[in-house]
Q: 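Structure in structure tokens, see below.
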Amino acid sequence: MTSKAIPARMKGLNRAEICDQNFIEFVKEWDGPVRSAPAATDPVLPGSALDARSFVELLESQLISRHLDLMARVLRVQNKVFYTIGSSGHEGNAMVARLARHTDPAFLHYRSGGFMAERFRKLPGMDPVMDSALSFAASAEDPASGGRHKVWGSKPLWVLPQTSTIASHLPKALGTAVAIEQARRIGHALPIPEDSIAICSFGDASSNHATAQTAFNAAAWTAYQKLPAPVLFVCEDNGIGISVKTPDGWIGRNFRDRADLDYFHADGLDLAGGYGQVQAAVEHCRRTRRPTFLHLRTTRIMGHAGTDFEIEWRPLEELCAVEATDPLLRSAAIALESGLLTKDALLGLYEATRARCFAAAEDADRRPRITTLEQVMAPLAPYTPDAVAAEAARTAPHDRRVAAFGSEDKLPEKLPPRHLAIQINNALHDLFCKYPETLLFGEDVAQKGGVYTVTKGLQKAFKGSRVFNTLLDETMILGLAQGYANMGMLPLPEIQYLAYFHNACDQIRGEAASLQFFSNDQYRNPMVVRIAGLGYQRGFGGHFHNDNSITALRDIPGLVVGCPSRGDDAAMMLRTLAALAKVDGRVTVFLEPIALYMTKDLHEAGDGQWLFPYPPQDEAMPLGEGRVYGEDADDLVIFTYGNGVPMSLRAARTIECRHGWKVRVVDLRWLVPLNEGFIAAQAKTAKRILVVDEGRHAAGVGEGVITAIAEAGHHARPFQRVVGADTYTPLAGAAFLVLPGDEDIVAAADRLA
């Protein structure tokens, strides 16, 4: 169909109606040649790699995708469905689904209706229309997300739901591909076949995103070192991102000649013509285990979404020309020319698919929807305290521990009290002994043992297949972590400094921590992210190495953040964080105060009061449990964490001498979620309250503490807050002008007096 075939009367119609009528008129007016119908296993057209049976099934998947789009446009205005970003023009991605397996993990672009309809064929008894309709309708019975979002997802089909596919899913897709191969190296049993590949689709505009570029770079970096990374990047190139056009030829020019990223091009608008190249790309990726880039030509009709009235900003002639490239028109021509379907049969199939999609949508509209906050949040942060406690207390095999630590006499519980860094190191050794599927990775963590030698000796004890360095890219470190978690391993990624986490925050906020929520807890990303942070380093500073910006962590729904101030607490906290990951699939962060790594003394040099013995293997710290120093003291209660704990204990001695008060110091230990009940209970008996927060004034942990106290009705007590300034941390001694110190705590107590 050409642009001239669009009647002027259609200018006032919405483009969905026009595309619908285009197909019907195209079939009715077909007058091309008709061949003798091929046998099921013969090429659908001469020279095509696509057989007749496969073509008919792909056509059916294309029609399902199209009519789900059309249904959504009609029923959205009736508030029966709630999502109108469609797949029209991208239905050729059904070829990728047909040629891949349902056990190939898929991370999909939101225009993947054709892919999903085709993948549903892989398992008997599954219904792509009803399942999709339930998702469009935000039904609580939606098998993908439980009604929380319109996502393409399926647990049995290994489609991990993505809610925003503006490139943020590419790192974890690559991570999953790497994990498939890593499993063999560590002897881990995969939940999928060993020759699986990871599939990741995205748009041409998204390919320019920094997060996409980091995935392409890391894929090539991996392949350059001859490390297998069987990921199939599928760039669905429709030439436009919302309203911004991609320059003609840009994707091919940008990716065709990249070393270690193997390029294939296929026409996604023509099933007969494009099938062979899609097949070649899939088979190449599976056989070579190399990163593969499939440049799939698509188009976009009916606009970006139902609210996108392209006629208001795009010339009509251009719209008509785009609509003339509708892949369903080409599929209709193949069906008619091949003799597989008559006009009546094709139109009958078209209308039957329409009726099926509308009937499913009407049915879905009658199904229950989420009606309570409890239902909304149910999969966000699952927590089974008894099971977590039992898992945290479960000990590692004794023989593994002896081998890891070197001898019976070197077991950490038999050694003298040690400082924080050594006890974290000991606890990591124990986790590796307890969980053979544990991996630790990041920048400089292997031979060097990290900037502060916290991971020293781990690679020697557990080999490079479990402890290894990555490229300098925090986004990819967290993408790898998600990939390993997807494949059933327990990743312990290290972010070298808290400041570097901000570069890659969305890999936790938008991806890892959201997966349980948007998959209705069918998929999980269990991990323990180690981050060195906070302030007070002497002789090595600046804002990148003294970062007290904790708010980015506190704002992530479902995340758990623990922050120890002493070595025994660190070991017990790590056991619980690992148990939370293993039992409840939680994404957790272990925030390590750098300035306390080597701290041995509390009050005077040489007193050794900040050295602690390694806790017995079966002792762990329950989530939310704080530590209280001076339980019976109530004249002044100080709430703090991290570096604030030893500072507050030192200040308490001065305050007690100066004012004759008994001072209680409360170490929160758990920063996300804050244990509001514990905080309220500690505040209840306090005569005065002081909150010591090394975070920033405008956005620190202290705000949450004060809110918990106020909401519990204890706000009438005199209180003060000692907190960091709202500024970046400068270099050298000036850093201590920004951060609160012992004397600031004493001064605040003086004001309370």
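The chain is numbered in sequence order, starting from 1. The structure displayed is predicted, hence computed values, not measured ones.
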Q: Check whether Asn520 reaches the backbone of Gln522 with its side chain - one donor and one acceptor, N or O, closer than 3.5 Å.
A: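 Not at all, since once roles are kept as given, no pair shorter than 3.5 Å links the two residues.
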
Q: How close do Ala305 and Arg73 get, heavy atom to heavy atom, and via which atoms?
A: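 Nearest pair, atom of Ala305 first, then Arg73: C-NH2, 3.7 Å.
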
Q: With sequence neighbours left out, what residues match Ala332 under side-chain contact (heavy atoms from CB on, under 4.5 Å)?
A: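 Ala332 satisfies side-chain contact (heavy atoms from CB on, under 4.5 Å) with Phe23, Phe26, Val27, Leu346 only.
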
Q: Would you call Glu351 and Arg354 a salt bridge, using N to O less than 4.0 angstrom?
A: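 Salt bridge: yes.
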
Q: Say you draw a straight line from CD of Gln62 to CZ of Arg66; how long is it, rounded to the nearest 0.5 Å?
A: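 Reported value, rounded in 0.5 Å steps: 8.5 Å.
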
Q: Please report the closest heavy-atom contact between Asp262 and Arg290, naming both atoms and the distance.
A: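 Shortest heavy-atom contact: OD2-NE, 2.7 Å.
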
Q: Would a line drawn from the ring center of Phe255 to the ring center of Phe293 be shorter than 6.0 Å?
A: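 Between Phe293 and Phe255, which both carry aromatic rings, the centre distance is below 6.0 Å.
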
Q: For Glu91 and Pro327, work out which heavy atoms get closest and say how close.
A: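 Scanning both residues completely, I find the closest heavy atoms to be OE1-CG, 3.4 Å.
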
Q: With ring centroids as reference points, do Phe441 and Tyr484 lie under 6.0 angstrom apart?
A: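 Yes.
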
Q: Is a salt bridge present between Arg15 and Glu310, judged by a nitrogen-to-oxygen distance below 4.0 Å?
A: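 Answer for the salt bridge query: no.
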
Q: I need the minimum non-hydrogen distance between Ala137 and Phe82, along with the two atoms involved.
A: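 Taking Ala137 first and Phe82 second, the nearest heavy atoms are O-CE1, 3.6 Å.
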
Q: Should Leu45 and Glu337 be marked as a side chain to side chain contact (heavy atoms under 4.5 Å, CB included) after you check the CA-CA gap, both sets of side-chain angles, and the distance that decides it?
A: CA-CA 8 Å; Leu45 289 178; Glu337 180 184 344; 4.1 Å; yes

Q: Does Ser145 have any side-chain contact (heavy atoms from CB on, under 4.5 Å) partners at least two apart in sequence or in another chain, and if so, which?
A: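 Partners of Ser145 by the side-chain contact (heavy atoms from CB on, under 4.5 Å) criterion, ordered by chain and then number, come out as Asp142, Arg148, Val151.
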
Q: Check whether the ring centres of Phe264 and His284 lie less than 6.0 Å apart, and answer yes or no.
A: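 Yes, ring centres under 6.0 Å apart.
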
Q: Examine distances only and state if a side-chain atom of Arg111 and a backbone atom of His304 form a donor-acceptor pair shorter than 3.5 Å.
A: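 A pair under 3.5 Å: yes.
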
Q: Kindly indicate whether a cation-pi arrangement holds for Lys155 with Tyr523, taking the cut-offs as under 6.0 Å to the six-membered ring centre and within 45° of the axis.
A: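 Output yes; distance and angle both within limits.
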
Q: Are the aromatic rings of Tyr350 and His67 close, with centres under 6.0 Å apart?
A: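 They qualify: ring centres under 6.0 Å apart.
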
Q: Less than 4.0 angstrom from a charged side-chain N to a carboxylate O is my criterion; do Arg356 and Asp127 meet it?
A: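 Looking at Asp127 together with Arg356, the answer is yes, because their closest N to O distance falls below 4.0 Å.
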
Q: Return yes if a side-chain donor-acceptor contact under 3.5 Å exists between His109 and Glu236, otherwise no.
A: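 Checked: His109/Glu236 side chains show no N/O donor-acceptor pair below 3.5 Å.
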
Q: Any donor and acceptor pair, going by atom type alone, linking the side chain of Thr298 with main-chain N or O of His90 inside 3.5 Å?
A: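 No, because the side chain of Thr298 does not come within donor-acceptor range (under 3.5 Å) of the backbone of His90.
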
Q: For the atom pair NZ (Lys28) and NZ (Lys343), what is the distance rounded to the nearest 0.5 Å?
A: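 Reported value, rounded in 0.5 Å steps: 10.5 Å.
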
Q: Do the side chains of Lys245 and Glu318 get close enough for a salt bridge, i.e. N-O under 4.0 angstrom?
A: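 Here Lys245 pairs with Glu318 in a salt bridge, since their nearest N and O are under 4.0 Å apart.
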
Q: Can you check whether Phe115 and Phe107 have ring centres sitting under 6.0 Å from each other?
A: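 Distance test on ring centres: not under 6.0 Å, no.
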
Q: Show the nearest heavy-atom pair for residues Asp69 and Gly86, with the distance to one decimal.
A: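 Here Asp69 and Gly86 meet closest at OD1-CA, 3.4 Å.
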
Q: Less than 4.5 Å apart, any side-chain heavy atom of Met527 and any of Asn525?
A: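 They are in side-chain contact.
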
Q: Could you tell me whether a side-chain N or O of Arg300 sits under 3.5 Å from a main-chain N or O of Ile242, the two making a donor and an acceptor?
A: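 Indeed, once roles are kept as given, a pair shorter than 3.5 Å links the two residues.
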
Q: With side-chain contact (heavy atoms from CB on, under 4.5 Å) as the test, pick out the partner of Thr299 among Ile240, Val322, Asp237, Asp326.
A: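 With Thr299 as partner, side-chain contact (heavy atoms from CB on, under 4.5 Å) holds for just one option, Val322.
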
Q: Assess the residue pair Met489 and Ile186 against the criterion (side chain to side chain contact (heavy atoms under 4.5 Å, CB included)); give the C-alpha distance rounded to whole Å, side-chain angles, the decisive distance to 0.1 Å, and a yes or no.
A: CA-CA 10 Å; Met489 293 171 241; Ile186 70 169; 3.9 Å; yes

Q: Between SG of Cys320 and CD1 of Ile301, what distance do you get to the nearest 0.5 Å?
A: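 These two atoms lie 12.0 Å from each other.
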
Q: Are the side chains of Arg35 and Pro46 in contact, using a 4.5 Å heavy-atom criterion?
A: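 They are in side-chain contact.
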
Q: Could you tell me whether a side-chain N or O of Ser65 sits under 3.5 Å from a main-chain N or O of Ser61, the two making a donor and an acceptor?
A: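 Checked: no pair found.
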
Q: Could you go through residues 218-234 and list every donor-acceptor pair under 3.5 Å that involves a side-chain atom there, pairing it with any protein atom two or more places apart or in another chain?
A:
| unit_1 | atom_1 | unit_2 | atom_2 | d |
| --- | --- | --- | --- | --- |
| Thr222 | OG1 | Ala218 | O | 2.7 |
| Gln225 | NE2 | Trp221 | O | 3.2 |

Q: Would you mind checking if Asp195 and Arg287 are paired as a salt bridge, meaning a charged N to carboxylate O distance below 4.0 Å?
A: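 Salt bridge absent between Arg287 and Asp195.
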
Q: Closest heavy-atom contact between Cys235 and Ile251?
A: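 Answer, listing the atom of Cys235 first, then Ile251: SG-CG2, 4.0 Å.
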
Q: Would Gln213 and Asn254 satisfy side chain to side chain contact (heavy atoms under 4.5 Å, CB included), going step by step from the backbone distance to the final call?
A: CA-CA 11 Å; Gln213 292 296 323; Asn254 197 13; 4.3 Å; yes

Q: Any chance you could measure Asn93, atom CG, to Arg119, atom CZ, to the nearest 0.5 Å?
A: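 One finds 11.5 Å between CG of Asn93 and CZ of Arg119.
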
Q: When you measure from the side chain of Ser338 to the backbone of Ile334, do you find a donor-acceptor pair of N or O atoms at a distance under 3.5 Å?
A: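 At least one qualifying donor-acceptor pair exists.
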
Q: Has Ser112 got a side-chain atom pairing as donor or acceptor with Leu108's backbone, closer than 3.5 angstrom?
A: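 No, because the side chain of Ser112 does not come within donor-acceptor range (under 3.5 Å) of the backbone of Leu108.
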
Q: Looking only at the side chains, is there a donor atom on one of Arg101 and Ser196 sitting less than 3.5 Å from an acceptor on the other?
A: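 Checked: Arg101/Ser196 side chains show no N/O donor-acceptor pair below 3.5 Å.
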
Q: Checking Gln182 side chain against Ser465 main chain: does a donor-acceptor pair fall under 3.5 Å?
A: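 Answer holds: yes.
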
Q: So do Arg258 and Asn217 actually touch side chain to side chain, heavy atoms under 4.5 Å?
A: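 Asn217 vs Arg258: side chains apart.
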
Q: Do Glu60 and Arg121 sit within salt-bridge range, that is, some charged N less than 4.0 Å from a carboxylate O?
A: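 Salt bridge between Glu60 and Arg121, a charged N being under 4.0 Å from a carboxylate O: yes.
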
Q: Between the side chain of Thr475 and the main-chain N/O of Thr211, is any donor-acceptor distance below 3.5 Å?
A: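 Flag not set: sc Thr475 to bb Thr211 has no pair under 3.5 Å.
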
Q: Going by heavy atoms in the side chains, are Glu474 and Glu443 under 4.5 Å from each other?
A: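 Result yes, sub-4.5 Å side-chain heavy-atom pair found.
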
Q: Does a side-chain heavy-atom distance below 4.5 Å link Ile192 with Pro105?
A: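 Yes; the side chains approach each other to less than 4.5 Å.
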
Q: Please step through side-chain hydrogen bond (donor to acceptor under 3.5 Å, both in side chains) for the pair Gln482 and Glu511, ending with a clear verdict.
A: CA-CA 9 Å; Gln482 294 175 79; Glu511 296 295 336; 5.9 Å; no

Q: Has His188 got a side-chain atom pairing as donor or acceptor with Met487's backbone, closer than 3.5 angstrom?
A: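 Judged by distance alone, yes, a pair lies under 3.5 Å.
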
Q: Under a 4.5 Å cut-off applied to non-hydrogen side-chain atoms, are Ile18 and Asn22 in contact?
A: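 Contact flag for Ile18/Asn22 side chains = yes.
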
Q: Passes side chain to side chain contact (heavy atoms under 4.5 Å, CB included), Arg289 versus Ile180? Steps please.
A: CA-CA 10 Å; Arg289 319 305 287 164; Ile180 292 170; 3.9 Å; yes

Q: We want to know whether Asn486 and Thr176 form a side-chain donor-acceptor pair, criterion being a heavy-atom distance below 3.5 angstrom.
A: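 Result is yes, a qualifying pair exists.
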
Q: Report yes or no: do Arg98 and Ser54 form a side-chain donor-acceptor pair below 3.5 Å?
A: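 There is such a pair (donor and acceptor under 3.5 Å, judged by atom type) between the side chains of Arg98 and Ser54.
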
